[in-house]
Amino acid sequence: MQQYVIRGGNPLVGEVEIGGAKNAALAALAAAVMSDEAVTIENLPDVNDINVLLEALDDVGAGVDRIDAHTVKLDGSTISSLTVDYESIKKIRASYYLLGALLGKYKRAQVALPGGCAIGSRPIDLHIKGLRALGAQVDISYGMVSVEAKELTGAHIYMDKVSVGATINIMMAASMAAGKTVIENAAKEPHVVDVANLLNSMGAQIRGAGTDVIRINGVNSLHSTTYSIIPDQIEAGTFMFAAAATKGDIMVKNVIPKHLEATSAKLIEIGCEVEEFDDAVRVVASKPLKNTSVTTLPYPGYPTDMQPQISVVLGIAQGTSVITESIFENRFKYVDELARMGAEIKVEGNIAIINGVEKYTGARVSAPDLRAGAALVIAGLAAEGITVVDDIHFILRGYEKFDEKLRNLGARIEQASSEGDVTKKMIKVS
Ligand code: UD1
């Protein structure tokens, strides 16, 4: 078990470089093996989720050449198995992108059915609906989803709910289906656009990604390319809220400010200054923080992956704030942990009512999932005294060198590798 040991209380000041978007990279890696030629992916974040998906690609026989920490060269021509087992899916749900990718390329795939996860039930009915519409026979038995088609044919598909994963899976399969596909009510997230751009640079014909209607003309094969992943807007937003919580001044570099608009708008609303540059945003929190209300929505709405981080900040803002979580039903698990640090938050269904307190106090808390884990770290950085965050394996799934980047901003945070090490790290941060 690994922990972060944090002594909070000092403002974070300085510059931080944001890495490639984990969620874009996961889909991009699956899309890359749809070609029988080499595809090089750059600006890959060096985080556990990516490494696990690369292992899953290796397991199905794809060539995986890790050129350096942030670059991988993939060879889809050597794929020898079309089955992704439960071991891979259990570790990384996004392995289900191989369903659309392998179906598109080989007209057949078998992927273990992902179960629920820490943030709620995660059905894949919309993925299945879309793949069926393209002509795939879908069978679910013995915990596996099997998809098979003599021929995939373009179709008009209406998504009943906006889903990032289903949009990307259908887009990948449709890229190699015969004829034209139209996806209506498609997800507009930046990573949907990123995957479409990658596929287009491999010869796919996808138009409209980033709007709610995506049009795809299927092609027979995809070719070699080199592609650089977009910056991670969730990592960026996490540092922006760390600035707010600690009354700091952080220049968040290597970002696309447009992707951060919902986050920036909320920070301004609560009293921070946000300055936008071409590829950076600076967040200065010099005034008292004020309350607001937030509803999580698909892009360009406020992202659910940034809900715990803003809640932590609002927990120490003046007044009462209301958070409505409209995407996942189980995304308030961190609230009980935050209460141990002095937060006053009441959860009713998918709504959290936050009464701002003057300050948090350090406590031992446990990360319930990836983003909530990062939010608890932010709380620890703002708190008086020492906070120990347990179960940080969740955080390591999606944040590269999180502690190192925070230390460079002046944070007193250390990673501990065992219970004994926690005591040593407590002395070190004191
Ligand atoms: C992706 C992100 C995740 C983010 C989420 C919402 C990745 C790897 N993960 O997850 O970090 O929190 O987008 O922005 O990119 N739904 C269905 N049926 C389906 C699929 C989804 O009902 O077949 C529902 C989900 O339960 C949820 C909503 O649709 O309520 C949105 O989920 P979706 O956009 O699919 O999330 P993911 O792609 O799984």
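Note that the structure is a prediction, hence the values are computed from the model and not measured. FYI, side chains are in, hydrogens and waters are out, and symmetry mates aren't considered; it's all heavy atoms of this structure.
At a cut-off of 3.5 Å, with distance as the only test, no side-chain donor of D139 or S146 sits close to an acceptor on the other residue. Judged by distance alone, the side chains of N291 and T320 never bring a donor and an acceptor atom under 3.5 Å apart. There is a side-chain donor-acceptor pair under 3.5 Å between S311 and Y334. There is no side-chain donor-acceptor pair under 3.5 Å between H70 and N43. Side-chain atoms of Q307 and T296 form no donor-acceptor pair, as typed in the model, at a separation below 3.5 Å. Checked by atom type, the side-chain pair T304/E325 shows a donor-acceptor distance below 3.5 Å. Defined by atom type and a distance below 3.5 Å, a donor-acceptor pair is missing between the side-chain atoms of T361 and E384.
For the residue pair V60 and V84, the shortest heavy atom distance occurs at CG1-CG2, 4.2 Å. In terms of heavy-atom proximity, T225 sits nearest to S201 at OG1-OG, 3.0 Å. Between A236 and L260, the closest heavy-atom pair is CB-CD2, 3.9 Å. Shown here for V5 and V429, the closest heavy-atom pair between the two residues is O-CG1, 3.7 Å. Shortest non-hydrogen contact noted between G248 and P11 is CA-CB, 4.0 Å. Closest non-hydrogen pair, L26 versus A94, comes out as CD1-CB, 3.7 Å.
Taking the six-membered ring where the residue is Trp, the centroids of F239 and Y399 are separated by 6.0 Å or more.
One finds a salt bridge joining D160 and K129 here, because a Lys/Arg side-chain nitrogen approaches an Asp/Glu carboxylate oxygen to under 4.0 Å. Taking a cutoff of 4.0 Å between a charged side-chain nitrogen and a carboxylate oxygen, R66 and D58 do not qualify as a salt bridge. Checked for salt-bridge contact, R331 and D305 meet the test: a charged N lies under 4.0 Å from a carboxylate O. Remark: K405 engages E235 in a salt bridge, criterion side-chain N to carboxylate O under 4.0 Å. At a threshold of 4.0 Å, the pair K333-D369 does not count as salt-bridged, since none of the basic side-chain nitrogens sits closer than that to a carboxylate oxygen. Under 4.0 Å is where a charged nitrogen must lie from a carboxylate oxygen, and between R340 and E337 no such pair does. Remark: D403 engages R407 in a salt bridge, criterion side-chain N to carboxylate O under 4.0 Å. One finds a salt bridge joining D390 and R364 here, because a Lys/Arg side-chain nitrogen approaches an Asp/Glu carboxylate oxygen to under 4.0 Å.
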List the steps and the verdict of side-chain hydrogen bond (donor to acceptor under 3.5 Å, both in side chains) for T71 and E42.
-> CA-CA 5 Å; T71 313; E42 298 173 341; 5.6 Å; no
For side-chain contact (heavy atoms from CB on, under 4.5 Å), just list the numbers for L74 and L29, CA-CA rounded to whole Å, side-chain angles, deciding distance to a tenth of an Å, and then say yes or no.
-> CA-CA 8 Å; L74 295 165; L29 293 176; 3.7 Å; yes
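By the 4.5 Å heavy-atom criterion applied to side chains, V192 and I168 are counted as neighbours. Using a 4.5 Å heavy-atom threshold, the side chains of K188 and P300 count as touching. The shortest distance between side-chain heavy atoms of E189 and H259 does not fall below 4.5 Å. Between T263 and F241, some side-chain heavy-atom pair lies under the 4.5 Å cut-off.
Of the options V39, L98, L222, a side-chain contact (heavy atoms from CB on, under 4.5 Å) to V33 is made by L98 and by none of the others. Each of I323, L338, D336, V312 was evaluated against I345; a single residue qualifies, L338, per the side-chain contact (heavy atoms from CB on, under 4.5 Å) test. A side-chain contact (heavy atoms from CB on, under 4.5 Å) with I157 is found for one member of L126, L134, I214 and no other, namely L134.
Checked by atom type and distance alone, the side chain of N10 pairs as donor or acceptor with a backbone atom of G410 at under 3.5 Å.
For Q2, the CD atom sits in a packed shell: over 12 heavy atoms of surrounding residues, nucleotides or ligands are nearer than 6.0 Å.
Identified under the salt bridge (Lys or Arg N to Asp or Glu O under 4.0 Å) test for residues 254-265, with sequence neighbours left out: K258-E261.
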